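What follows is one structure encoded as structure tokens, with my remarks underneath.
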Amino acid sequence: MQAGNVAKLNEQLQSDPVLAPGHTYGSIEEKINTIPLPLTKRASKGWVLGFSIAFALLMLLFYSLGVLFARGLGVWGINNPVYWGFAIINFVWWIGIGHAGTLISAILLLMQQNWRNSINRLAEAMTLFAVACAGLMPIVHMGRPWLFYWLVPYPNTMAMWPQFRSPLAWDVFAVSTYATVSLLFWLIGLVPDFAKMRDRATDRTTKILFNILSLGWRNSSRHWHRYEMAYLLLAGLSTPLVLSVHSIISLDFSVSIVPGWHMTLFPPYFVAGAVFAGFAMVLTLVIPIRKFYKLEDFVTMKHIENCCKVMLATGMIVFYGYMMELFFGWYSAHDVEFFLINNRFFGPYAWAFWALMLCNGVAPQLMWFKPLRRNLPLVWILSLVVGVGMWLERFVIVVMSLHRDYLPTSWDAYTPTFWDISLYVGTFGLFFSLMFLFIRFLPMINIFEMQLLRHDQKHQVEGGFGASEEA
Amino acid sequence: MMKKQHKEQPSDVVSQLKRVQIPAIIVGVAGLGVWFLGAGSGTREQFFQTYLFAFLFWVGLPLGGLALLMLQYLTGGKWGFLIRRMLEAAAMTLPLMVLLFIPIITIGMLDLYPWADPAVVAHDTHLQFKYAYLNPGSFVFRAGFYFLIWLVWTFFLVKWGADQDRSGKPAITHRFRNLSGVGIVLYVITMTFAAFDWGMSLEPLWFSAIYGVIFIIGQGLATFAFIILMARLLADRKPFADFVSTKLYHDLGNLLLAFAILWTYMSLSQFLIIWSGNLPPETPWYIRRQAAGWNEVAVAVLVFQFVLPFFLLLNRFVKQKIQLLWKVALLIFIMRFVDLFWIIMPAFDQTVLEVHWTTYVAPIGVGGVWLFVFLEILKRRPILPLRDPIVPFPVSEGTKMQEVPGHG
């Protein structure tokens with residue numbers, strides 16, 4: 001009777017389930033496992049086509065890097081005063097995208113949001129691949145990338161240390177920690193599912209491969225206990241990273257006194273922007289994938305709607321940041337700050353500013369309305385719009401602030417070259433190649449967590465007054 | 001209508017609330033009296049400065065209550081169900097705050113805000129530039145607008161809460177969510193500018209874009225601390241006692257921890273960026289607040305509002321025991337005073353930490369009166385929502401937690 005009550009309540013509140021009804025433990029495992037297994041099967045035509053495009057772009061990335069290394073940074077459009085061009089824009093953009101994965105896997109876990117369960121692994125994979133794309137950028141921007149290890153503080157015969165007061169040195173720690181913890185989180189979460197893959201595998205090679213990856217997992221209660229503990233600890237460790245990484249990146253800008261960079265709101269505003277872009281990317285990926293692999297039962301409308309809501313909330317915070325920038329451009333009563341605002345409105349790059357307002361300020365407002373949140377084509381297009389908007393935001397911040405600062409004699413315009421653009425497009429090749437390989441060879445949805453949801457559903461604790469974690 | 005519900009109210013909670021209410025009003029009236037008489041030994045400026053400090057602290061609880069009320073409707077967290085009436089009661093004290101605000105905008109403005117003085121503005125080109133925003137007329141107009149928004153939202157949230165108690169219609173839950181979604185956006189905007197107007201413009205040449213956010217997070221922190229103290233007060237009183245569990249305390253403890261971390265994060269952001277930029281328009285704010293005595297206050301705020309509570313609240317043991325949790329909450333609540341003291345008071349030409357003794361009495365007086373009104377409102381309504389669909393049964397006196405489905 002109590003179970004009926006909860007179901008009725010959900011119906012009354014018109015909320016979708018996080019797992020469509022009618023699944024058994026077996027059907028869940030079957031459905032998710034048969035996407036990668038058997039590993040030796042022929043990939044579908046759609047996958048081959050998608051991977052081919054991504055791989056071609058990856059080749060473009062390598063070619064662009066080759067040209068860059070052979071001919072130097074001069075192939076890019078950066079100049080004096082715009083020292084930071086596409087490379088930094090792309091760095092901030094990619095690493096921001098990664099943040100949704102960490103938020104979903106760590107913060108939503110700690111907040112006991114069970115809707116995270118079907119999208120967390122995909123989002124974590126997205127984080128890893130995005131960090132890979134991001135990490136590339138500052139390294140190739142160095143001019144002599146083979147000396148990148150000079151950024152690491154180690155005793156050396158030159159008696160040379162990084163400038164510890166510079167956030168650029170903090171970046172090295174922030175990003176490398178972030179990459180390490182994200183990788184660990186993702187791998188540990190995969191262990192029980194690797195074991196399931198091992199048990200399901202029919203051929204010897206697959207069996208051996210997953211046997212190694214599953215680290216001797218035997219489903220014993222002790223294993224589960226330790227797994228839960230490790231996962232929770234990693235979630236605790238990752239949570240500050242969601243804030244710290246992008247905060248430090250925002251400090252790269254805001255500790256300087258460049259107008260448009262030096263603003264005390266930058267850290268939280270950058271973090272919100274990162275989560276905003278990240279959730280947009282999750283939607284960009286998840287909507288086609290769930291359709292293509294018929295995963296609508298696992299990634300339900302509830303997931304889509306919740307992602308939209310997070311996007312709306314973080315989008316509003318980002319918009320708040322824009323409004324504060326404009327307000328303080330005026331309120332500071334500082335002529336350079338005031339000029340910057342003027343330059344944003346009417347300067348040579350005003351188009352980028354207005355496009356940004358449209359993409360990140362106006363477009364997300366559609367997410368206020370439930371019917372629009374449930375309109376998949378619209379949501380997908382909107383997720384792309386937000387992705388573009390967040391890129392424009394970094395363009396506005398980096399280029400618009402640098403190209404005209406205090407000294408009018410050193411003003412100069414910035415125009416990206418072909419190699420700027422090809423490198424950026426090439427990182428999509430890296431990102432999507434890895435993504436396609438991940439989808440093809442690993443379970444993209446966490447099998448046992450879905451089975452746990454099924455358990456909760458069966459015993460009807462979801463949505464009830466006592467929380468499901470007690471079940 | 002309120003009278004009728006009063007009858008359904010079990011006496012246990014009410015008697016407990018009454019026990020606090022009487023001392024509250026005595027302390028309040030006595031505090032205000034002492035402050036009023038004591039102010040005679042100080043200057044007119046000091047009189048209003050201490051008053052503004054007291055007002056800015058206590059206005060944080062109704063506003064924090066309103067914001068958290070909307071937040072719990074939006075996130076649907078189960079912690080919200082048990083503390084909802086307290087948040088509502090806090091928000092419903094807003095009319096009192098309007099009343100308390102009137103002295104500031106009528107007789108006190110000239111003594112508090114340099115930009116309100118035409119003689120000062122005449123000699124400062126920056127203030128002339130800012131005059132479009134910083135002038136008495138628009139200051140009052142904006143304050144009216146902020147209060148209007150807050151009052152309208154409080155009115156509907158409370159009214160629909162009463163509707164839900166009567167009918168229990170799930171459609172009301174939807175209305176709550178929609179209203180709260182819009183409301184939280186408006187709250188953040190209005191509170192940001194209220195913080196700029198009431199606090200930041202005390203030093204009208206200084207600016208920091210994160211100032212409003214620091215205020216908002218501070219209000220949330222103070223409100224959570226206050227709610228935990230209230231939960232301690234009612235922990236073993238029926239019907240509240242039948243519903244609270246270690247789970248609630250754990251959730252509240254976590255939220256308190258989260259807000260303490262956020263407060264530190266925002267404050268550190270502001271400090272680091274201003275320190276690093278080292279620009280003449282920005283650094284004076286911190287220089288004033290690092291002068292003799294003030295620096296020690298800053299360190300105390302950092303240690304007792306963040307470092308110590310952080311390590312205490314990491315422990316499940318502390319969070320799940322209200323007997324321990326309330327002590328941490330009390331520490332944070334007191335440190336909220338100190339923090340605001342450090343933010344506001346150095347604005348008034350302080351070279352060393354030297355404030356009039358009435359500074360410490362004014363917030364106690366205002367607080368006593370506020371607490372009395374808050375408890376009066378809380379007392380008149382059922383302490384828990386009666387028919388929220390989140391709880392699939394009507395709440396009444398006899399219901400025990402053990403009977404709640406899914407709760408083991």
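The shown structure was predicted, so the numbers you read here are calculated from the model rather than taken from an experiment. In what follows, every chain begins at residue 1, and chains take the letters A, B, ... in the order their sequences are listed.
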Check your understanding: Aromatic ring centroids of B:Phe193 and B:Tyr146 under 6.0 Å?
Key -> no
**Study point:** For B:Pro204 against B:Pro114, the heavy-atom pair lying closest together
**Key:** CD-CG, 3.8 Å
Review point. Given that the side chain runs from C-beta out, which part of B:Val185 has a heavy atom under 4.5 Å from chain A: side chain, backbone, both or neither?
Key: side chain
Review point. Should we say atom OH of A:Tyr231 is surrounded by more than 12 heavy atoms from elsewhere, each under 6.0 Å from it?
Key: yes
**Study point:** Portion of B:Trp206 that has a non-hydrogen atom of chain A nearer than 4.5 angstrom
**Key:** backbone
Check your understanding: Checking heavy atoms, do the side chain of A:Trp330, its backbone, both or neither come under 4.5 Å from chain B?
Key -> both
**Study point:** is_close_aromatic(B:Phe145, B:Phe141), centroid dist under 6.0 Å
**Key:** no
Exercise for review: Go through B:Pro281, B:Gly181, B:Ser276 and name the one with the most non-hydrogen pairs under 4.5 angstrom from chain A.
Suggested key: B:Ser276
Practice item. Would you mind checking which part of B:Ser201 comes under 4.5 Å of any heavy atom in chain A, side chain (CB onward), backbone (N, CA, C, O), both or neither? Key: both
Check your understanding: Highest number of heavy-atom pairs under 4.5 Å with chain A: which of B:Ile274, B:Asn178, B:Leu134, B:Asn278?
Key -> B:Leu134
Check your understanding: Centres of the A:His99 and A:Tyr178 rings: under 6.0 Å?
Key -> yes
Check your understanding: Nearest heavy-atom pair of B:Ser269 and A:Thr264: which atoms, and what distance?
Key -> CB-O, 4.1 Å
Practice item. Would you mind telling me which of B:Lys130, B:Met266, B:His126 has the largest number of heavy-atom pairs within less than 4.5 Å of chain A? Key: B:Lys130
Revision key, fill the gap. Interface check, chain B: of A:Pro268, A:Ser254, A:Ala313, most non-hydrogen pairs under 4.5 Å belong to A:Pro268
Check your understanding: Is chain A contacted by the side chain of B:Phe271, its backbone, both, or neither, given a heavy-atom distance below 4.5 Å?
Key -> neither
Exercise for review: Could you tell me which portion of A:Tyr320 (side chain, backbone, both or neither) has an atom closer than 4.5 angstrom to a non-hydrogen atom of chain B?
Suggested key: side chain
Exercise for review: Could you tell me whether A:Phe164 atom CZ has more than 12 heavy atoms of other residues or ligands within 6.0 Å of it?
Suggested key: yes
Practice item. Give the member of A:Ser247, A:Pro167, A:Ser244, A:Gly321 that has the highest number of heavy-atom pairs under 4.5 Å with chain B. Key: A:Ser247
Review point. So, for B:Gln320 and B:Tyr249, which heavy atoms are closest and what is the spacing to 0.1 Å?
Key: O-CD1, 3.9 Å
Point to revise | Check: B:Trp115 ring centroid to B:Phe139 ring centroid under 6.0 Å | key: yes
Review point. Ring centroid separation for A:Phe253 and A:Trp84, is it under 6.0 angstrom?
Key: yes
Check your understanding: With a 4.5 angstrom heavy-atom cut-off, which part of A:Val271 approaches chain B: side chain, backbone, both or neither?
Key -> side chain
Check your understanding: What residue, out of B:Gly277, B:Ala132, B:Gly212, has the most heavy-atom pairs lying under 4.5 Å from chain A?
Key -> B:Gly277
**Study point:** Residue selection (most heavy-atom pairs with chain B, distance under 4.5 Å) from A:Arg165, A:Met263, A:His262
**Key:** A:His262
Revision key, fill the gap. Applying a strict 4.5 Å limit to non-hydrogen atoms, the region of A:Phe327 in contact with chain B is side chain
Study note, to complete from the structure: Assert top hit (heavy-atom pairs under 4.5 Å, partner chain A, pool B:Asp251, B:Thr192, B:Val213) equals B:Thr192
